[in-house]
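Here the structure is laid out as structure tokens; the discussion comes afterwards.
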Amino acid sequence: MANSGLQILGFALSLLGLIGLIIGTILPQWKMSAYVGDNIITAISMYSGLWMTCAFQSTGQIQCKAYDSILQLDSSLQATRALMIVGIIVTGAGLGVATMGMKCTTCGGDDKTKKSRIAMAGGIILLIGALAALVACSWYAHNIIREFYNPFTPVNTKYEFGSAIFIAWAGSFLDVIGGGMLAASCPRGKSKPSYPISHRPPSSSKEYV
């Protein structure tokens, strides 16, 4: 059976990863304006996220505007949104399943083998959710890099990585580690004796000298 301490650590890491995914999805700092070219000094910093764009002025004022219509967004942003939402939902479901299979809980019954299998299933679900979030973050980062090095992109519209994408990446990796720890709860089979068992009845004959 897997160590209960390993299960608790995996659950804690997965919970922190879920919080990171939620925070990273909400924050608008997925990409920020890059200071390249001749216009290094500017009074406004532009940030763009999955749900809105924000302008940070040097005076400390912040102005944010949500996207007007989903149909006006490009397909990559819509896919990133969908994958992040799927990753959050699946990760939450994996945590719920893992809770029933952990040794320190009683909601999954008293059968230790069954509880270990439930915890292993929860870890696998967590890995699936983390994979969806990783694909979303990597895809969004690839688009930022491609637009940054595109020679036809104007200098004042180039972006670089923001803090939110790093938070989402960190949450995904924490879910991978925690899900792997919970997935290691695979129950071991009972050991069987390696020596043959004889069913021959004892002999009643006696030897005489």
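Since the model is a prediction, treat every value here as computed from it, not as a measurement. In this chain, numbering begins with 1 at the start of the sequence shown.
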Quick one about Y47 and S163 (side-chain donor to acceptor, distance below 3.5 Å, no hydrogens or angles considered), yes or no?
no
Check [X] against [Y] and note the closest heavy-atom contact, atom names and distance.
X: P28; Y: M52; value: CB-CG, 3.9 Å
X: M84; Y: A136; value: SD-CB, 3.7 Å
X: I88; Y: T25; value: CD1-OG1, 3.6 Å
X: Y67; Y: G49; value: OH-O, 2.9 Å
X: L83; Y: W139; value: CD1-CE3, 4.3 Å
X: V176; Y: A130; value: CG2-CB, 3.6 Å

Counting N and O atoms only, with roles assigned by atom type, does the side chain of [X] sit under 3.5 Å from a partner on the main chain of [Y], one being a donor and the other an acceptor?
X: K158; Y: F148; result: yes
X: W51; Y: L27; result: no
X: Q7; Y: A119; result: no
X: K65; Y: T53; result: no

Check: [Y] and [X] side chains under 4.5 Å, non-hydrogen atoms:
X: F56; Y: Q29; value: yes
X: W30; Y: T80; value: yes
X: Q63; Y: Q57; value: yes
X: S138; Y: W169; value: yes
X: M102; Y: K115; value: no
X: L127; Y: D175; value: no

With a 4.5 Å cut-off on side-chain heavy-atom distances among I, L, V, M, F, W and Y, is there a chain of contacts connecting [X] to [Y]?
X: L95; Y: I85; result: yes
X: Y140; Y: F173; result: yes
X: I165; Y: L131; result: no
X: L21; Y: V135; result: no
X: V86; Y: V97; result: yes

Working note: F161 + M32, criterion side-chain contact (heavy atoms from CB on, under 4.5 Å); need CA distance, chi angles, decisive distance, verdict.
CA-CA 6 Å; F161 297 155; M32 57 182 294; over 6 Å; no
Interatomic distance, S76 atom OG to E147 atom CD [nearest 0.5 angstrom]:
7.5 Å
Find the distance between CG (L9) and CG (L182) and round it off to the nearest 0.5 Å.
9.0 Å
Taking S14 as the fixed residue, which of T91, I19, L126 is the one that meets the side-chain contact (heavy atoms from CB on, under 4.5 Å) rule?
L126
